[in-house]
> 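Questions regarding the structure given below will be posed in turn.
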Amino acid sequence: MEVDKGKGEAEETRKVAEADRDTVTLKSSDGKLFEVSKEAAARLSTVLAGMIAGGSIDDNGTDLKQIGSEALENVVDYCNKHANSIPSAALISSSISFNTAPFKEPEEWERKFVDRLSHDALFDLVEAANFLGMERLLDVTCHKISEMMKGKSPDQIREVFNIKNDYTKEELEEIRQELAWAFYDD
Amino acid sequence: MKRPYDHDPMAEASSNARVTPAVAECRINALGNDVLLRAISFLEARQLVQTCVLSRRWRNLWRSVPRINATHHEFDGMAESDEERSVLFKKFTNAFLKLGDPVTLDAFRLNYFMPGYQESVDPHAESEDANLWIQHALQSNARSVEVEIWNGDLLLNAAVGCAIYDIEISSETVKVLSIDDSSYFTTDKRISISISSLSYLVFSASARMPLLKNMGSLVAASVSVDLDAEDAREFAMVPKIQQSYSPDS
């Protein structure tokens, strides 16, 4: 499947899908429709798995009011790419549920997938993955956030994420004394 | 205080706007604690604790991370000698595990350099700290415990990996067990693995096929061993095991 399939061809794909019903249609908060394989959706998202099992999937587009079209497109894209990458993954993890497997480093395609995202798109995707119970995607996106912090000073981290320092100087001094075993910068 | 913690990040962000677009809002602080913890738990332990100075929101987050990755590399260059560095690392790891909230621990990874091991008259004493940490992780119901030891052999009380002196490995809670080529056994006897909670087993070592007991939860396993005919017959009867073995013995 191509990256942009969900966007323009959603309507067309949906007609085809109705014949065999091995896909589900998801509707973003701004009303766009996306197709995703039922199998991949059920395997990668606990929430979608629950909806499919419980019969609460709407053939005309299951409303996901919390997720914008850009994030939903990324979700669908991830599911498709994941489905395509499975045969190459000879690891034992490929055959087991990502909901219970311990964390494994992101694969090359997963790194590329999150690296191309803008700051906002990354966080939108984190929130979407969390909402949909997509454990693996949540790990991959959270791992990306950790990489944006890795090796940086607190000041640099605040700058990257626009975190407002609301401590007083005295409070910071107190913390650094209390946790001296983690700082050691005498 | 060496670092100017009181600078205004907003001002700096906008002055850099041409290079990196200014972020309109603080997206990371808007995440729920569970998600934020998941993100920072990928950091190495020392930097992870240091996130507490970012802002009030972050003050106690480090205490309840689901994964701890304690590595002596984070203390490189911080002491004159390996011994001193080891003291810092021990102090750090002891404090982290003591002050952290153990209930939430899911995975524990230890990368440990044992400076005194080579000269030590009592290798068990050298392993004592690491054993306590591993025990702590197991008692916190960690699903995954990964240990890498440098400059020595860890003598495990709990028998989880590395130099394996025990011939019986058992646990009620371990879900993932990985014994690879870097492990070796001091016994020619077959080891037995009895872990009713075990989901994933990777066993790849120059040893005989382990005796697998209580494998009711096993989802997937990869076993690579020096196989003899008797073991092979039994091996073939273990269900759900992905077979791969070296036919060299």
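In what follows, every chain begins at residue 1, and chains take the letters A, B, ... in the order their sequences are listed. The analysis underlying the following values was restricted to heavy atoms, covering all of them including side chains, and did not include hydrogens, waters or symmetry mates. Just so you know, these numbers come straight off a predicted model, no measurement behind them.
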> Are the side chains of B:Glu25 and A:Asn162 in touch, meaning some heavy atoms are under 4.5 Å apart?
no
> Is it the case that the side chain of B:Arg56 and the backbone of A:Tyr167 share a donor-acceptor pair, with hydrogens and angles ignored and the cut-off at 3.5 Å?
no
> Name the region of B:Ala95, side chain, backbone, both or neither, that has any atom closer than 4.5 Å to a heavy atom of chain A.
both
> Name the region of A:Glu174, side chain, backbone, both or neither, that has any atom closer than 4.5 Å to a heavy atom of chain B.
side chain
> For A:Trp181 and B:Val49, run side-chain contact (heavy atoms from CB on, under 4.5 Å): C-alpha distance rounded to whole Å, both residues' side-chain angles, the deciding distance at 0.1 Å, then the answer.
CA-CA 10 Å; A:Trp181 47 270; B:Val49 176; 4.1 Å; yes
> Measure distances from B:Leu99 to the heavy atoms of chain A and classify the residue's part below 4.5 Å as side chain, backbone, both or neither.
side chain
> Closest approach of A:Val126 and B:Val35, non-hydrogen atoms and distance?
CG1-CG1, 3.4 Å
> What residue in A:Asp166, A:Thr141, A:Leu179, A:Asn130 has the most heavy-atom pairs under 4.5 Å with chain B?
A:Asp166
> Strictly less than 4.5 Å between heavy atoms, which residues of residues 143-151 of chain A line up against chain B? Please order them by number.
A:His143, A:Ile145, A:Ser146, A:Met149, A:Lys150, A:Gly151
> Working to the nearest 0.5 angstrom, can you tell me the gap between B:Trp58 CH2 and A:Ile157 CD1?
7.5 Å
> Looking at every heavy atom in both A:Phe183 and B:Gln50, which two are closest together, and how far apart are they?
CE2-CG, 3.5 Å
> When you compare the side chain of A:Phe161 with that of B:Asn29, does any pair of heavy atoms fall below 4.5 Å?
no
> Which region of B:Ile28, side chain (C-beta onward) or backbone (N, CA, C, O), has a non-hydrogen atom less than 4.5 Å from a non-hydrogen atom of chain A, or is it both or neither?
both
> Above 12 or not: heavy atoms from other molecules or residues under 6.0 Å from CD of A:Glu70?
no
> Is B:Phe75 in contact with chain A via its backbone, its side chain, both, or neither, using a 4.5 Å heavy-atom distance?
side chain
> Would you mind telling me which of B:Arg59, B:Arg57, B:Glu44, B:Glu74 has the largest number of heavy-atom pairs within less than 4.5 Å of chain A?
B:Arg59
> So B:Leu31 and A:Phe123, side-chain contact (heavy atoms from CB on, under 4.5 Å) or not? Walk me through it.
CA-CA 9 Å; B:Leu31 297 176; A:Phe123 280 94; 3.7 Å; yes
> Tell me, side chain or backbone of B:Arg67 under 4.5 Å from chain A's heavy atoms, or both, or neither?
side chain
> Tell me, for A:Glu178 versus chain B, whether the close heavy atoms (under 4.5 Å) come from the side chain, the backbone, both or neither.
side chain
> Locate the shortest heavy-atom distance separating B:Arg27 from A:Glu127; write the atom from each residue and the value.
NH2-OE1, 3.3 Å
